[in-house]
Amino acid sequence: MHLNPYGEYAVLLAASLANDWPDSRAGIVRRARDFGMTMAFPEAPDDCRQVHRVIQRWLEVVDAATADARAELLNVLMKDAAAYPRLTDHDQEGWHLHYRDGGQSLSEVLLAVFSVGTALHLTTRGMTRLRRCEAGEAPGDACRNVVVDITRNGRQRFCSVRCGNRAAVRRHRASRT
């Protein structure tokens, strides 16, 4: 079975890179492998910088104030990553679709995967299913992690149990004063 690299996994990979930036190209590739990407990535001299730029552009989508703004930003990302959809069996694990050209750099591949994956995530689950951790909204809390809401009810607000617990403690303390 081949997992769709443009679905939920792409958005989770983008959030993982945004929340915990690797210290090297090898770290980026290792993280991509951890999220199910099996293809080889041709090496370019400025891969880290270019992938970081892709992540910064993707974070603009995360931080967009409205669904319309989010869609507009995603459309620009997908335009910049545009390639003809193509069938491939690069791993001999079964035919599947790619929305990118062969031989592209790591940043070009990730731009395609993140933009199409995010568009699929938001259009199938809801345009509000991507945000910053709500714990960062409290005074003095510095959490700015990305939350990819993959829950059934669409109510995930925190990046971790830890952030959710801290917010609950703050609410409890505020109610007692």
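Keep in mind that what you see is a predicted model, and the values were worked out from it rather than measured. FYI, side chains are in, hydrogens and waters are out, and symmetry mates aren't considered; it's all heavy atoms of this structure.
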Chi angles and distances behind the side-chain contact (heavy atoms from CB on, under 4.5 Å) call for Asn165, Phe158: CA-CA 9 Å; Asn165 287 343; Phe158 302 101; over 6 Å; no
Trace of the side-chain hydrogen bond (donor to acceptor under 3.5 Å, both in side chains) decision for Thr66 with Asp68: CA-CA 5 Å; Thr66 67; Asp68 287 343; 5.3 Å; no
Arg131 and Asp149: CA distance, side-chain angles, deciding distance, side-chain contact (heavy atoms from CB on, under 4.5 Å) verdict: CA-CA 8 Å; Arg131 64 176 61 93; Asp149 187 351; 4.0 Å; yes
From CA spacing to verdict: side-chain contact (heavy atoms from CB on, under 4.5 Å), Asp80, Arg57: CA-CA 11 Å; Asp80 291 348; Arg57 291 181 69 196; 2.5 Å; yes
Criterion side-chain contact (heavy atoms from CB on, under 4.5 Å) on Val148 and Gln156, from CA distance to verdict: CA-CA 8 Å; Val148 178; Gln156 185 174 350; over 6 Å; no
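Going from atom CG of Leu111 over to atom CZ of Arg53 covers 9.0 Å, rounded to the nearest 0.5 Å. One finds the CD atom of Glu8 at 11.5 Å from the CG atom of Leu120 (value rounded to the nearest 0.5 Å). If you take CZ on Arg166 and SG on Cys133, they are separated by 7.5 Å, rounding to the nearest 0.5 Å. Here the CZ-OG1 distance, from Arg129 to Thr123, works out to 12.0 Å after rounding to the nearest 0.5 Å. Taken from CZ in Arg157 to SG in Cys163, the straight-line distance is 11.5 Å, to the nearest 0.5 Å.
Hydrophobic clustering (ILVMFWY, side-chain heavy atoms < 4.5 Å, transitive): Val147 and Val11 are in distinct clusters. Both Ile150 and Leu74 sit in one connected hydrophobic cluster of ILVMFWY residues. Membership requires side-chain heavy atoms under 4.5 Å apart, directly or through other members. Connection of Leu87 to Val116 is established within a shared hydrophobic cluster, with ILVMFWY side chains joined at heavy-atom distances below 4.5 Å, either directly or through further cluster members. Note: the hydrophobic cluster containing Leu17 also contains Val62 (ILVMFWY, side chain heavy atoms under 4.5 Å, direct or indirect links).
Listed here is the closest heavy atom pair of Arg132 and Asp63: NE-OD1, 2.8 Å. Across all their heavy atoms, Met127 and Ala67 have their closest contact at CE-O, 3.5 Å.
Here the options are Asp23, Asp47, Val51, the test is side chain to side chain contact (heavy atoms under 4.5 Å, CB included), and the partner is Ile28; only Val51 passes.
Inter-residue side-chain proximity for Phe114 and Ile55 is flagged as met; some heavy-atom pair is nearer than 4.5 Å. Residues Gln50 and Val54 fail the side-chain proximity criterion, which asks for heavy atoms closer than 4.5 Å. Annotation: side chain of Phe35 is in contact with side chain of Leu12 (closest heavy-atom distance under 4.5 Å). Leu13 places a side-chain heavy atom less than 4.5 Å from the side chain of Met37.
When the shell of 6.0 Å around CZ of Arg162 is examined, it contains 12 or fewer heavy atoms from other residues, nucleotides or ligands.
For Arg31 (side chain) and Asp20 (main-chain N/O), a donor-acceptor pair under 3.5 Å exists by modelled atom type. Side-chain atoms of Thr118 never come within 3.5 Å of backbone atoms of Ser115 as a donor-acceptor pair (strictly under, hydrogens ignored). When atom types are taken as modelled, the side chain of Arg25 and the backbone of Cys48 share no donor-acceptor pair closer than 3.5 angstrom.
Under the 30°/60° scheme for interplanar angles, the aromatic rings of His52 and Trp21 are found to stand perpendicular.
For Arg144, the salt bridge (charged side-chain N to carboxylate O under 4.0 Å, His left out) criterion is met by no residue, not counting sequence neighbours.
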